[in-house]
Amino acid sequence: MHGLTRENAASRPVTCTAGSDKSLLEARDLRIGFARNAYSDELGLAVDGVDFSLERGKTLCLVGESGCGKSVTALSLLRLLPVPPARMLGGSVFFDGLDLAVLPEKELHRIRGGRIGMIFQDPMTSLNPVLRVGEQMGEPLCLHRGMGAGQAFKAAADMLERVGIADGRLRARDFPHQMSGGMRQRVMIGMAMLPNPELLIADEPTTALDVTVQKQILELMRGLLENSGSALLLITHNLGIVEQMADEVAIMYAGRIVEQGSTGAILSAPAHPYTLGLLRSRPKNAERKQRLATIPGTVPSLWERPAGCAFHPRCPKAREKCRRETPPLVPAGPTLCRCWRG
Ligand SMILES: Nc1ncnc2c1ncn2[C@@H]1O[C@H](COP(=O)(O)OP(=O)(O)OP(=O)(O)O)[C@@H](O)[C@H]1O
Ligand SMILES: [Mg+2]
């Protein structure tokens, strides 16, 4: 694949000594655009100045409605977006001091699937249809951990059982099309966790799974964090999962982080009207038989981003300044909030 590399790469350093010593992952001012079509230079910003950091042993949840830029953010960290139409217009991604945005492809290849595991949102397009699941799950172990094929296949079969697929030895011989959607999702999860990555990026990993399997998978992920001190970047729209898993939460809207803070602060003292809207639309908050609260309107497309605060057309508290000027992300009580009213 032709990787996504930061466009102004030549003038930037490849390693980082600045920033927190504790951060395993640090994304700074990420900006990712998509070309409108093959014939146009017009770019829509799917990610517009995103910053976050993540320490070893911690979980950061990225939350927001469909289309707000969560997957694009996650994919850009490992330069997995298709070029074209994607363009990395700026920013850095420091992983253990290395700037992944400009790292030579060969070195990045050594990190992907080994030190950093990724669970993609769409498992079917991410699995190789002509390889048995055991073989492809074991591949990172051969590639990054120097294991023999037989031993890796056995480890893959064991992992299948750990993610709740019975008869792991037998099912490891299946091709992806012989498995259900939920099973394929679990294959992806197992494959990403097998080499004990230092960082796991999981994009809606349990959305297709029923609640009992979901619980099992989340516990498995938590085990990885506790035993190996790994870090987890978890993308989810499920606030119940956020509550269970996250240390820190970043709320995204229209390509920007609009609020960020500890899980306790975000859930109990949110400052941004969008975060409040998300929390109010949780099923938990609705009385039985009562209609769920919703946020009116939808996330604007890349080509219809409103001026000022992108949330203003949907915001009950919007005033004139919100329509004209983009608010900065600044402290507002216990969280960081991007709102003129904060
Ligand atoms: N390959 C692409 N080409 C053009 N636009 C894209 C591409 N991938 C994503 N986008 C656009 O970027 C924006 C962010 O998409 P993204 O997939 O990050 O959303 P998301 O927050 O992950 O949503 P969901 O919750 O539905 O997964 C959307 O407007 C989407 O249409
Ligand atoms: Mg997504």
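Bear in mind the structure is a predicted one, so any value in this text is a computation, not a measurement. In listed order, ligands and their atoms are each counted from 1.
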Chemist: Test salt bridge (Lys or Arg N to Asp or Glu O under 4.0 Å) on D96 and R115 and set out the steps.
Modeler: CA-CA 10 Å; D96 200 15; R115 296 185 70 191; 2.6 Å; yes
Chemist: Just go through A254, A46, S66 and tell me whose heavy atom is the nearest to atom 26 (O) of ligand 1.
Modeler: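 Result: the heavy atom closest to atom 26 (O) of ligand 1 is in S66.
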Chemist: Of the non-hydrogen atoms in V249 and V242, which two are nearest, and what is the gap between them?
Modeler: CG2-CG1, 3.6 Å
Chemist: I need the contact type for Q121 against ligand 1. Using non-hydrogen atoms and a strict under-4.0 Å cut-off, is it side chain, backbone, both or neither?
Modeler: side chain
Chemist: Do me a favour and list the nearest non-hydrogen protein atom to atom 25 (O) of ligand 1 with residue, atom name and distance?
Modeler: K70 NZ, 2.8 Å
Chemist: Taking atom types as modelled, find out whether T212 and D210 have a side-chain donor-acceptor pair closer than 3.5 angstrom.
Modeler: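 T212 vs D210: donor-acceptor pair found between side chains.
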Chemist: Please write down residue, atom name and distance for the protein heavy atom closest to atom 2 (C) of ligand 1.
Modeler: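 I find the closest protein heavy atom is F34 CE2, 3.3 Å.
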Chemist: Hey, does E204 come in under 3.5 Å of ligand 1, counting only N/O atoms on both sides?
Modeler: no
Chemist: In the protein, which heavy atom is nearest to atom 15 (O) of ligand 1, and how far is it?
Modeler: V72 CG2, 3.8 Å
Chemist: Geometry only, no angles: is L302 polar-contacting ligand 1 at N/O separations under 3.5 Å?
Modeler: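 No.
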Chemist: Considering both backbone and side-chain atoms of G67, is one of its nitrogen or oxygen atoms within less than 3.5 Å of a nitrogen or oxygen in ligand 1?
Modeler: yes
Chemist: Among all protein non-hydrogen atoms, which one is nearest to atom 17 (O) of ligand 1, and what is the separation to 0.1 Å?
Modeler: S71 CB, 3.6 Å
Chemist: Check A269 against T335 and note the closest heavy-atom contact, atom names and distance.
Modeler: O-CG2, 4.2 Å
Chemist: Report whether L170 and I165 are members of the same hydrophobic cluster (ILVMFWY, side-chain heavy atoms less than 4.5 Å apart, transitive linking).
Modeler: no
Chemist: Can you give me the OE1-the Mg ion (ligand 2)-OG angle for Q121 and S71, to 10°?
Modeler: 90°
Chemist: Looking only at N/O atoms, are P85 and ligand 1 under 3.5 Å apart anywhere?
Modeler: no
Chemist: According to the interplanar angle, ranging from 0 to 90°, do the rings of F175 and H177 count as parallel (below 30°), tilted (30 to 60°) or perpendicular (above 60°)?
Modeler: parallel
Chemist: Cation-pi between R36 and W303: NZ/CZ under 6.0 Å from ring centre and within 45° of the ring axis?
Modeler: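 The answer is yes; both the distance and angle limits are met.
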Chemist: Taking only heavy atoms of G69 into account, list the atoms of ligand 1 that are under 4.0 Å away from them.
Modeler: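 With G69 as reference, the close atoms of ligand 1 come out as 14 (C), 18 (O), 19 (O), 20 (P), 21 (O).
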Chemist: Check whether any N or O atom of T73, backbone or side chain, sits under 3.5 Å from an N or O atom of ligand 1, and answer yes or no.
Modeler: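 No, since none of the N or O atoms of T73 sits under 3.5 Å from an N or O of ligand 1.
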Chemist: Could you check whether atom 8 (N) of ligand 1 has a protein contact, counting only heavy atoms that fall below 4.0 angstrom?
Modeler: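 It does; a protein heavy atom is within 4.0 Å.
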